[in-house]
Enquirer: 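I am attaching a structure below and will ask some questions about it afterwards.
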Amino acid sequence: MSVVVIGQIGRDLVLRTDGPPTPGDSTAILRRSELLGGKGANQAVGLAQLGVPVALIGVVGDDHAGTSVLRQAQRDGIGVGGVLRRGTTALLIDIVGRPPERLLLEDVPDSSLVCVADLDRAAASWDGADTVSIQLQQPPATALEAAQRGRGRGLRVVADGAPAPQIRADLLASVDVIRADATEASLIAGRDITTVQEAFALADHLLNCGPELVALAVPGVGDLLAWEGGGELFEFADVEVVDPTGAGDAFVAGLICALREGASPSQAGRRASAAASSTVQRLGGRPDLRGLTT
């Protein structure tokens, strides 16, 4: 049995500097990395590192960058039979200066988004899967179709992000787990979610809409995990945050891995929190979850 991840694949360019340049001047790049990236790919990498068989459905360009990131995905042990090629590969630039300075630049062409027809072309990737994880940054029609197909196959359906308003009710009725960062939680609620109490109230509302498990980030505090009759806050670890990029992707990977192993929600939350904590101590969004313990 395996996990299918549907989401963004791109080329990550990670630059470490000693601060932003001043007007009319430049600043030296202290470290440069170019590698496989994007939310879908980062999550798939984390799952593979945790020993979970994983296949990726996404789009890369018909260009050199697309060939390069596909080769890296294969080296990472990720199934890429469901990856389509067209257009130009998405480019994601992560510029990290002195903490907490960070600048994200994205070039995500429309051609790099997964459309409903792509799900048909990648149908074989679903064979033998027990879980599908859907990044909600993809087009709403694609996200909803993927969730409903997963539900129809009897898979555990995990959604990561804020459902678009036009599909929100139907999508929430089709997923088992939904996770949202602080910005996404506020989008779902239609107001700022800044406290643990506000996050618990939103989680209760979402649980009534269909999901069995809700994970919400509370800014500056931690990650809330809520389920019917229970909930727990996992405070952010007291570690040096080098780069917050990819923390949410690692959280979802750890959560899925633990749930597949039969962990309780509380145990799964600890595993997910540890994965996120490990990732923020690294430069760039690519995790390294090999040997992760809680």
Enquirer: Within the side chain of Asp243, is there an N or O that forms a donor-acceptor pair under 3.5 Å with the backbone of Gly284?
Expert: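 Side chain of Asp243 to backbone of Gly284, a donor-acceptor pair under 3.5 Å: yes, one is there.
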Enquirer: With a 4.5 Å cut-off on side-chain heavy atoms, are Val59 and Asp118 touching?
Expert: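 Yes, side chains in contact.
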Enquirer: Check for a donor-acceptor pair, side chain of Ser277 on one end and backbone N or O of Ala237 on the other, with a separation under 3.5 Å.
Expert: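 The answer is no, because no donor-acceptor pair under 3.5 Å joins these two groups.
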Enquirer: What distance do Leu144 atom CG and Ser174 atom OG have between them, rounded to the nearest 0.5 Å?
Expert: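 The distance works out to 6.0 Å.
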Enquirer: Could you walk me through whether Asp223 and Phe236 pass the side chain to side chain contact (heavy atoms under 4.5 Å, CB included) test, one step at a time?
Expert: CA-CA 7 Å; Asp223 291 293; Phe236 293 142; 3.5 Å; yes
Enquirer: Using only heavy-atom distances, determine whether the side chains of Thr245 and Arg102 contain a donor-acceptor pair under 3.5 Å.
Expert: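 Checked: Thr245/Arg102 side chains pair up, N/O donor to acceptor below 3.5 Å.
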Enquirer: Report the distance from atom CD of Gln267 to atom CG of Leu225, rounding to the nearest 0.5 Å.
Expert: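 If we round to the nearest 0.5 Å, Gln267:CD and Leu225:CG are 12.0 Å apart.
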Enquirer: Is a side-chain donor or acceptor of Gln72 paired with a backbone partner of Leu36 at a separation under 3.5 angstrom?
Expert: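 Checking the backbone N and O of Leu36 against the side chain of Gln72, a donor-acceptor pair under 3.5 Å is found.
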Enquirer: Between atom CG of Asp107 and atom CD1 of Ile93, what is the distance when rounded to the nearest 0.5 Å?
Expert: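 Here the rounded value is 8.0 Å.
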Enquirer: At what distance, to the nearest 0.5 angstrom, does CG of Asp94 lie from CG of Leu103?
Expert: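 Output value for this atom pair is 8.5 Å.
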Enquirer: Same hydrophobic cluster for Leu47 and Leu259, using side-chain heavy-atom links shorter than 4.5 Å among ILVMFWY?
Expert: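 Leu47 and Leu259: one cluster.
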Enquirer: When you group the ILVMFWY residues by side-chain heavy-atom contacts below 4.5 Å and let the links chain together, are Leu15 and Val96 in the same group?
Expert: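 No; tracing contacts between hydrophobic side chains, which count when under 4.5 Å, never links both residues.
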Enquirer: Determine whether Val83 and Ile57 make a side-chain contact, defined as any pair of heavy atoms from C-beta on separated by less than 4.5 Å.
Expert: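 No, their side chains stay 4.5 Å or more apart.
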Enquirer: Please tell me if the side chains of Pro287 and Val45 come closer than 4.5 Å, counting only heavy atoms from C-beta onward.
Expert: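 Of all side-chain heavy-atom pairs linking Val45 with Pro287, at least one is under 4.5 Å.
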Enquirer: Would you say the side chain of Val280 lies within less than 4.5 Å of the side chain of Val242, judging by non-hydrogen atoms?
Expert: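 Contact flag for Val242/Val280 side chains = no.
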Enquirer: Of all the heavy-atom pairs spanning Val157 and Arg151, show the shortest one and how long it is.
Expert: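 Scanning both residues, the minimum pair turns out to be CG2-N, 3.6 Å.
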Enquirer: Can you tell me if Asp110 has over 12 outside heavy atoms packed within less than 6.0 Å of its CG?
Expert: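 Count not over threshold, so no.
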Enquirer: Check the pair Arg290, Asp288 against salt bridge (charged side-chain N to carboxylate O under 4.0 Å, His left out), reporting the backbone distance first and the verdict last.
Expert: CA-CA 6 Å; Arg290 293 167 293 186; Asp288 185 357; 2.8 Å; yes
Enquirer: Looking at every heavy atom in both Ala226 and Ala203, which two are closest together, and how far apart are they?
Expert: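 Scanning both residues completely, I find the closest heavy atoms to be CB-CB, 3.7 Å.
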Enquirer: I would like to know whether Asp192 and Thr194 meet side-chain hydrogen bond (donor to acceptor under 3.5 Å, both in side chains); could you show each step before the answer?
Expert: CA-CA 6 Å; Asp192 289 342; Thr194 59; over 6 Å; no
Enquirer: Is Leu113 close to Val108 at the side-chain level, that is, under 4.5 Å between some pair of heavy atoms?
Expert: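 Sidechains of Leu113 and Val108: in contact.
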Enquirer: Hey, does the side chain of Asp76 reach the backbone of Ile78 with a donor-acceptor pair shorter than 3.5 angstrom?
Expert: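 No, Asp76 side chain to Ile78 backbone: no donor-acceptor pair under 3.5 Å.
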Enquirer: Say whether Leu216 and Leu187 are linked into one hydrophobic cluster, either directly or through other cluster members, by side-chain heavy-atom distances under 4.5 angstrom.
Expert: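 In one cluster: no.
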Enquirer: Should Gln281 and Glu240 count as side-chain neighbours, where that means a heavy-atom distance under 4.5 Å?
Expert: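 Heavy-atom side-chain distance check fails, nothing below 4.5 Å.
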Enquirer: Any side-chain donor-acceptor pair under 3.5 Å between Ser266 and Arg270?
Expert: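 Note: Ser266 and Arg270 side chains meet the donor-acceptor criterion.
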Enquirer: Check Pro109 against Ala90 and note the closest heavy-atom contact, atom names and distance.
Expert: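 Nearest pair, atom of Pro109 first, then Ala90: CD-CA, 4.0 Å.
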Enquirer: Less than 4.5 Å apart, side chain to side chain, heavy atoms only: is that true for Thr131 and Leu155?
Expert: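 The answer is no, as the side chains (C-beta and beyond) never meet within the 4.5 Å cut-off.
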Enquirer: Please report the shortest heavy-atom distance between Val4 and Ser125, naming the atom on each side.
Expert: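 Of all heavy-atom pairs spanning Val4 and Ser125, the closest is CG2-O, 3.2 Å.
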Enquirer: Between Gln8 and Ser112, is any side-chain donor less than 3.5 angstrom from a side-chain acceptor?
Expert: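 No.
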Enquirer: Is there a path of hydrophobic side-chain contacts, each under 4.5 Å between heavy atoms of I, L, V, M, F, W or Y residues, that connects Trp126 with Val3?
Expert: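 No: no chain of side-chain contacts under 4.5 Å links Trp126 to Val3.
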Enquirer: Can you give me the closest heavy-atom contact between Val158 and Val252, atom names plus distance?
Expert: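 Heavy atoms of Val158 and Val252 come nearest at CG1-CG1, 4.2 Å.
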Enquirer: If only atom types and distance count, is the side chain of Glu228 paired as donor or acceptor with the main-chain N or O of Glu212 below 3.5 Å?
Expert: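 Looks like no, no N/O pair under 3.5 Å.
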Enquirer: State whether Asp130 and Arg156 are salt-bridged, where the test is any N-O pair (Lys NZ or Arg NE/NH1/NH2 against Asp/Glu carboxylate O) under 4.0 Å.
Expert: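 Between Arg156 and Asp130 there is no salt bridge, as every charged N stays at least 4.0 Å from the carboxylate O atoms.
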Enquirer: Identify the two heavy atoms, one from Leu91 and one from Leu13, that lie closest to each other, and give their separation to 0.1 Å.
Expert: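 Taking Leu91 first and Leu13 second, the nearest heavy atoms are CD1-CB, 4.4 Å.
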Enquirer: With rounding to the nearest 0.5 Å, note down the distance linking CD1 in Ile167 to CD in Gln148.
Expert: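 One finds 9.0 Å between CD1 of Ile167 and CD of Gln148.
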Enquirer: Roughly how far apart are Thr27 OG1 and Asp25 CG, rounded to 0.5 Å?
Expert: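 The distance works out to 8.0 Å.
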Enquirer: So that I can tick it off, tell me whether Arg149 and Asp120 are bridged by a salt bridge, with the cut-off set at under 4.0 angstrom between side-chain N and carboxylate O.
Expert: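 Between Arg149 and Asp120 there is a salt bridge, with a charged N closer than 4.0 Å to a carboxylate O.
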Enquirer: Using a distance-only test with no angle check, is there a side-chain donor-acceptor pair under 3.5 angstrom linking Glu184 and Gln137?
Expert: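 Yes, side-chain donor-acceptor contact under 3.5 Å.
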Enquirer: Counting neighbours of CD on Glu235 that are heavy atoms of other residues, nucleotides or ligands and sit closer than 6.0 Å, is the number greater than 12?
Expert: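 No.
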Enquirer: Tell me if the CZ atom of Arg85 is crowded by more than 12 foreign heavy atoms within 6.0 Å.
Expert: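 More than 12 within 6.0 Å, yes.
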Enquirer: Inspect the contact between Lys39 and Asp160 and indicate whether a charged nitrogen and a carboxylate oxygen are less than 4.0 angstrom apart.
Expert: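 Lys39 and Asp160: salt-bridged.
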Enquirer: Say whether, by atom type as modelled, one donor and one acceptor occur between the side chain of Gln138 and the main chain of Val114 under 3.5 angstrom.
Expert: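 Indeed, once roles are kept as given, a pair shorter than 3.5 Å links the two residues.
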Enquirer: Side chains of Leu119 and Glu145, heavy atoms from C-beta outward: is any pair under 4.5 Å?
Expert: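 With C-beta onward as the side chain, the pair touches.
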Enquirer: So, the side chain of Thr89 versus the backbone of Gly66: is there a donor-acceptor pair under 3.5 Å, distance only?
Expert: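 Checking the backbone N and O of Gly66 against the side chain of Thr89, a donor-acceptor pair under 3.5 Å is found.
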Enquirer: Can Arg86 and Asp62 be counted as an ion pair, charged N to O under 4.0 angstrom?
Expert: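 Looking at Arg86 and Asp62, the cut-off is not met.
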Enquirer: So, using salt bridge (charged side-chain N to carboxylate O under 4.0 Å, His left out) as the criterion, who are the partners of Glu261 when residues are at least two apart?
Expert: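 Salt bridge (charged side-chain N to carboxylate O under 4.0 Å, His left out) list for Glu261, sorted by chain: Arg271.
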Enquirer: Whether Asp170 and Arg168 form a salt bridge (side-chain N of Lys/Arg under 4.0 Å from carboxylate O of Asp/Glu) is what I want to check.
Expert: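 Salt bridge absent between Arg168 and Asp170.
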